[in-house]
Every structure is written in C-alpha cells, then in structure tokens.
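If you scroll down you'll find the structure; I have some questions about it.
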Amino acid sequence: MSVSFFQKLHDRSVAIDSWLCVGLDPRPDKIPQYEGATDDGERVYRWCVDIVAATHAHAACYKPNSAFFERLSPATCGAESLRRVISYIQTEHPTIPVLLDCKRGDVGSTSDAYSEACYDVLRADGVTLSPLMGIDSIRPFVHRGGDAVEGRPGGCFILCKTSNPSSEEILGRPSGDGGALFERIAALAVEWDGALRPDSPTTSPYEPHVGLVVGATDPAAVARAAAALHRANGEGKRPWILCPGVGAQGGHLAETVRAAAGPDGTGRALVPVSRGIADAADPGEAARELAEGIRVARAEAATAGDGGVMSSALDSHQRDFISLALDDGVLRFGTFTLKSGRTSPYFFNAGLFRTGKALEGLGRAYARCVADQFGDGAGGAGFDVLFGPAYKGIGLGACLASALWTEKGWNVGFAYNRKEAKDHGEGGMLVGADMAGKRVLIVDDVISAGTAIRESFSLLTSVGALPVGVVVALDRAEVRAKTDRLSAVQAVSRDLKVPVASIVSLPQLLEYVREDGGKGGLGDSVLEDIVNYREQYGV
C-alpha cells in the first residue's frame, strides 16, 4: 500500500535521525567524463548515481531540480535522465522519498497534466509548487484520483518566502491581515491541507500533505513562518518547512533549524544542500557532517521551550526598540553586577520608559512582536485578554492593549492583579476584564527567575482563564547555571507548556552593536564584552 510523500519523509527522517535533503543539480561542466558515456544525459545520470551512493546513509530525502535536467539538449533527453535517476533511487533505496523541485503553478487541465508528468511519468513522491493561483493549482498534486498510478497519494511544498533577496518585493509585503504575505501563505498551507487531504486508506491520518518553502537566508522569516504554522495548526502536527539556501547562498544552518522548530519546539525542517555536498572532496563525509550539524541544532531547539529561536536577524521594529531603550537609558552598556552575582556588560530597566513618547514607542514594539507571534493566522488576535502582573506589567499591559488597537485594530481586554487583596469597592485580587473561559496573554518586561510568571499562571488558571503565552521586552537568553543549560525563558515555556516571545534577545543586541560599528558610540570593547558574555552564559 502506497503512502504519502510526507509520511514517507517522516518515516525516513525518524529511521535515520536526519533532516538532510540532498539536492541533485547536475552541471555538465562540473561533471567528470565517464567511460562509455556518449552524451551529457548519460554523464548526468551516472554522476547522480555516484552522489546517491555516497550520501544515502544520511539522506532523509533527495531533491532533483528539474531545470538542470530540462536544459540538456534534446539529443541527450534530460527528462529521460531525470526519470532514470528517480527510478534508481526508488529501486535501490525505496525508503528514501524523492522531491521533484519543479515549482509548477497552473490550473485546470494544465495543472492535471503537470501532476501526471511529475507523478505518473517521472514517478516523483512529492513536488515544489507556486501557490499564487490558489488552492486550484495545489489540488492535483495532493488529492490523487483513482486513475493515478497505484493510486499514489502526493504531497507538495509551496513557495512561501524564498531565499533570493528580491523575494521581499512581493512575499514580504503586508498582506492586509496583520502580517506579511508569506505569513498568510503559511496559514493557507494549513487551511488547504485540511481541505484537500483525501480521506483514503492510502494516506496517513495525521501527516500534513502541504509544506512550506522558506529560505535559510532569512532565519527571522523562517521563525515567523513557523509561528504562523503554530497558530494556524493548533495542536496538530506541524507541516514540514523546506529551507533552501544553506551553504552557497549564505544561509545559516543552526539558526535556520532552531527557527523552524517554532514557538513550541515541535516544528520540522528539511534542509536541502546541493553544491555544498556535490562540490566537496568527499560528498559522503560532507553529507555526514551536515546531518550531524542539523542534529545538534535540533537538540538545542528541543531543550529550548521557546523553540530555540535565537535568530540574530534584526527587523526594523527591533532596531527602533533598541535605539529607544538606549536613548532613554533603559538599556545601558558597561559593567553591572546582577542579582545572580554575574558581571554583565549590559543592564536593562524597563521602569525608565517614563514619558509619553517612550511609552508610545514601547507599546508599538510590543504590538509588532505580539502580532508576529500571537495572531490567529487570519488577521485577528489569538487571545482575548492581556494580563499584566503587578507592578511593571500593569503599565506594560495598558500600553500594549492601546497599541494593539491603534496599530492592528485588535480590541482585546486588559486585566491586572494587586499585590494585596482589596476588601472594599470591587474587592479581590484582580482588576479589569473578565478572564473566565478566555484566552489570556501575559505581558511583562523580563523573566529573571520566572517566579512572577508562574504565580500569574496559577492565578489565571484558578479563575478559569486559559493562558496561551507570554511576551516580554527582553530575553537575556542565558543559562541559569552551569548544571542547568536552560534559560529562564526556556524553563518557563517548558514547565508551563506555552510559547514565550520577546521583542529582542541577547543575540539581537549583539547584532545591533555589530551593525553600529562604533557610529553610535558603541565601541569595539562593548562588542567584545557582549561576545565574551554570550560565549560564557548564552544558551
């Protein structure tokens, strides 16, 4: 009985503990001469066989790029070489799925024909597609009808945020529902998967059939797409994210894998590498090293309750927030002794946001973070009430509630607690919006030991509220002790089983100082001190 592409991918990735996808992008000018090979088509086929033979022990998937075969001259029949390569993989290594990278996108009989070519002629297990013509262009590649060869169910990765710089011109544009277009595409992937998944014994009852393509050159976009999947998919299994761009295009392997893990650490990334393997002196060893690097990053993400998303990439709102914090003395660089006894090169005191202008900027920064991480995937809020723990959380919650209305049009409730119960007037410990049966987002400045957040969580659950997450201004992203490699934020997220988001974290402070390059008075010594601190204490 046939299984879907994503079920096959899941089974293979678990069996060998690998998220590595080996790309097959044959370039005749880089391929050696083979004895008896009379044309480029034969040389390409033999080269692909050699790469597969060297790397199959580490490959969760193979991804031949159809363009590199199609460009071969008619005399060498590149399509036939592609068919032979796929046939070889499926014959010699039948548990390894083949993803045909063809980026098709059409509707009607044309889309049906593309589907038949990919699945029934070339015999690929899955494909890459463009989603811009809507669900109609996806359907033939997911819901395979009875006329399909062996009734084989399909699966596809749809382009979401690609690795080329100019993708920002379209995919990074506002979508009109609170996020970028690529975030709307991520939400649609979940919606389409639910609509198209065939109710058939040949398909998995739980593996998503639609995944995303998000370039590894932009870990922040990977994190945002993963968060959009997390919001849209609820408790369901996360769709896979295909993250091209590692290696030759400059993508960062560890940051990408951690970002793809998402807010709860359960996201999955398939990392395709072509030239980094094919051009290596020993392709098999290169594949082994890459697979091991992915495993290390996955392990780090698995222990990080916030999904391990420690991207150093800076969005404009994060730069603005750090600049505001520096201007108002909220963030200072120097030598500071913390309550823990550590000597820190920076100090953050949100209590110094104390003017109308500063509070307006603070609220806007929080609002952007919350919109990115806690929306409902359809342009609305993924929560009903903001809760600000006394005392700093009260002002922060009020600023954020106002900013969400002004910036996003989200009219959410606001509540806070007293330190001591009041025995007159409205009485009790809680003030503001009713939270019984409501989804509640907790807002605070930082998490030091996590005591205040845990107390808030207990208080909220005692009145029937449903805490759905925590948002803070700064995540120091440092381990709690040498024997405990989790940060306070990670421990809170792990223990309370909710995502914790921050406007900025230590890696982003470091990136800001790097970008400053001394122009804003942040000299090389500040950069060196933060780098040393992160190496000693960073998660």
Side-chain angles (χ1 to χ4, degrees), residues 172 174 178-180 183 219-221 223-224 227-228 231 259 263 306 309-333 346-375 381-383 386-389 391-412 414 416 441-447 453 469-477 489 499-513 515-516 520 522:
E183 291 170 287
R224 289 169 64 184
R231 292 191 297 268
D306 61 351
V309 181
M310 288 288 106
S311 171
S312 62
L314 278 168
D315 285 342
S316 59
H317 78 283
Q318 293 169 321
R319 289 189 184 86
D320 292 344
F321 173 75
I322 296 173
S323 295
L324 174 66
L326 287 169
D327 290 344
D328 282 52
V330 174
L331 174 63
R332 292 183 290 156
F333 296 106
Y346 71 97
F347 189 73
F348 183 86
N349 179 9
L352 295 177
F353 286 120
R354 53 192 180 186
T355 67
K357 178 182 178 181
L359 292 173
E360 188 271 339
L362 176 64
R364 190 167 58 245
Y366 266 110
R368 173 60 188 274
C369 176
V370 168
D372 286 347
Q373 300 295 327
F374 296 103
F383 56 95
L386 287 168
F387 178 76
Y391 288 109
K392 284 183 181 177
I394 298 175
L396 297 174
C399 282
L400 176 53
S402 177
L404 286 173
W405 171 247
T406 302
E407 298 288 322
K408 309 297 298 180
W410 294 1
N411 190 24
V412 299
F414 169 56
Y416 60 93
L441 178 64
I442 302 170
V443 56
D444 213 339
D445 57 344
V446 295
I447 296 178
I453 299 298
V470 181
V471 60
V472 296
L474 173 68
D475 176 6
R476 292 185 64 92
V489 163
V500 179
S502 63
I503 301 174
V504 294
S505 62
L506 175 58
Q508 290 160 334
L509 289 184
L510 180 57
E511 183 63 21
Y512 183 93
V513 175
E515 289 183 359
D516 178 84
L522 306 179

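FYI, the numbering just counts along the sequence from 1.
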Shortest non-hydrogen separation from A180 to R224 and the atoms involved: CB-NH2, 3.8 Å
Atom pair CG/CZ of L474 and F321 - distance to nearest 0.5 Å: 7.0 Å
Where P389 and D444 come nearest, the two heavy atoms and their spacing: CG-OD2, 4.1 Å
Euclidean distance, D320 CG relative to I503 CD1, rounded to 0.5 Å: 11.5 Å
Mutual orientation of the aromatic rings belonging to F383 and W410 [parallel < 30°, tilted 30-60°, perpendicular > 60°]: perpendicular
Considering all heavy atoms, the nearest C369-H317 contact: N-NE2, 4.3 Å
Atom OH of Y416 with >12 non-hydrogen neighbours under 6.0 angstrom: no
Distance-minimising heavy-atom pair for G388 and F414: N-CE1, 4.2 Å
4.5 Å side-chain heavy-atom contact, L441 and L386: yes
Aromatic ring pairing F353/F348, orientation class (parallel under 30°, perpendicular over 60°, tilted between): perpendicular
Verdict with supporting geometry, L331 and L326, side chain to side chain contact (heavy atoms under 4.5 Å, CB included): CA-CA 5 Å; L331 174 63; L326 287 169; 3.9 Å; yes
Distance under 6.0 Å and angle within 45° of ring axis: R476 vs Y346: yes
Side chain D328, main chain V330, donor-acceptor under 3.5 Å: no
Nearest atoms (heavy-atom pairs only) where V412 meets A381: CG1-CB, 4.0 Å
Flag side-chain contact, heavy atom, 4.5 Å: K392 against N349: yes
Nearest-0.5 Å distance, CG of residue D475 to CG of residue L509: 10.0 Å
Min side-chain heavy-atom separation Y366-L404 under 4.5 Å: no
Side chain to side chain, P499 and F374, heavy atoms closer than 4.5 Å: yes
Candidate list V370, V470, L396, test side-chain contact (heavy atoms from CB on, under 4.5 Å), partner V443, passing option: L396
Nearest non-hydrogen partners of A477 and P507, listed with the distance: CB-CD, 4.2 Å
Validation row: R364, E360 side chains within 4.5 angstrom (heavy atoms): yes
